[in-house]
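Remember, it's 1-based here, ligands and their atoms both numbered in the order they're listed. Basis for what follows: all heavy atoms, side chains included, without hydrogens, waters or symmetry-related copies.
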Amino acid sequence: MLIRSASDIPASAITPREVYLNRRQFMAAGAGMTLALLGADAAASLLSRSSPFSTTEDKNSLKEITTYNNFYEFGTDKSDPAANAHTLKTSPWSIVVEGEAGKPRRFGMEELLKIAPLEERIYRLRCVEGWSMVIPWVGFPLASLLKLVEPTSKAKFVAFESLADPQQMPGVKSRVLDWPYREGLRIDEAMHPLTILAVGLYGEVLPKQNGAPVRLVVPWKYGFKSIKSIVRIRLQETQPSTSWSTANPSEYGFYSNVNPAVDHPRWSQATERRIGELFKRKTLPFNGYADQVAALYKGMDLRKFY
Ligand SMILES: Nc1nc2c(c(=O)[nH]1)N[C@H]1C(S)=C(S)[C@@H](COP(=O)(O)O)O[C@H]1N2
Ligand SMILES: [Mo]
């Protein structure tokens, strides 16, 4: 059949049956529109979904992934984002990409979805608090976006900012963090093929509590580096300050690579609890992505650069 619009593509054609079933549960829960509704291009590109970067470990359920969250803009309890994020207005949306770039500019959401084929990436996420999940994101490499603005030779770091609107985000009225939520990467980390901008989850539009409409995912770093609901990206020469390291510099460093050998000052990072499992498992260096990323830190003392 000629695909004229996204609705011509049956959900069963773009997702494995297991995901399709989850999709139906998701729809039944009234959680919203399918990624296919974003446009035929985005939906069709999901056909190219398997990625050599994905883990084959069991995925967490959509329910686990969408109801146990950190998104302090909506409150500090794990259940707050699912309860409160409905007030986030995700359309229209755009990201400004500025700073050390030959062609800085603003990208609307529709444009962002066409930058590169959308892929499913099944990644482990390890929160600094000691829990972990396996999450099937839909996204594209951050590098594809950055290349479009032509970073200059001075672009050594990338700074990210989330939306911070107290009208939409009740948590922003409390001073728990210095808003907007800010994060940063070194340019080589930002350009690494594992680093993605996620726009979907389980083949659907990203739920609001997971950082809709577009969030970063850096799977070898603690979860707080994976900043949600991004509105600004700045290429810069100096290392950006970040919300968590500003709030507590001795506990949260700039690098924040998952490292079972370096404890948090108040707890061990040697083990983790995979949400849904009873027993703890060992945390792996770089969250299990050492083969792909350890070379980025060759010669660096990872105790000093925590
Ligand atoms: N803007 C923003 N981004 C954020 C957070 C936040 O509070 N605000 N929490 C971080 C933390 S601590 C984690 S563990 C992950 C959780 O992502 P998930 O809810 O999609 O699992 O989001 C990160 N991104
Ligand atoms: Mo986290």
Report the nearest protein non-hydrogen atom to [atom]: residue, atom name, distance rounded to 0.1 Å.
atom: atom 18 (P) of ligand 1; result: K228 NZ, 3.5 Å
atom: atom 7 (O) of ligand 1; result: Y72 N, 2.7 Å
atom: atom 8 (N) of ligand 1; result: E73 OE1, 2.8 Å
atom: atom 6 (C) of ligand 1; result: Y181 CE1, 3.2 Å
atom: atom 15 (C) of ligand 1; result: G223 O, 3.5 Å

Which atoms of ligand 1 have any heavy atom of [X] under 4.0 Å away?
X: N69; answer: 18 (P), 19 (O)
X: S162; answer: 1 (N)
X: C127; answer: 14 (S)
X: S226; answer: 22 (O), 23 (C), 24 (N)
X: W137; answer: 20 (O)
X: I227; answer: 3 (N), 24 (N)

Practice task
Measure the acute angle between the ring planes of F71 and F74, then classify it against the limits of 30° and 60° as parallel, tilted or perpendicular.
Solution key: perpendicular
Practice task
Classify the angle between the aromatic ring planes of F305 and Y255 as parallel (below 30°), tilted (30 to 60°) or perpendicular (above 60°).
Solution key: perpendicular
Problem - Nearest non-hydrogen partners of W179 and S174, listed with the distance - result: NE1-O, 2.9 Å
Answer yes when [X] and [Y] have at least one side-chain N-carboxylate O distance shorter than 4.0 Å, and no when they do not.
X: K221; Y: E183; value: no
X: R266; Y: E251; value: yes
X: R232; Y: E98; value: yes

Practice task
Compute the shortest N/O to N/O distance between W131 and ligand 1 and return yes if it is under 3.5 Å, no if not.
Solution key: no
Practice task
Answer with yes or no whether R215 contacts ligand 1, where contact means a heavy atom under 4.0 Å from a ligand atom.
Solution key: yes
Closer than 3.5 angstrom, by distance alone: can the side chain of [X] be matched with the main-chain N or O of [Y] as a donor-acceptor pair?
X: S162; Y: K228; result: yes
X: T66; Y: L62; result: yes
X: N69; Y: P81; result: no

Completion exercise
Candidates V128, N70, I275; heavy atom nearest atom 9 (N) of ligand 1 found on N70
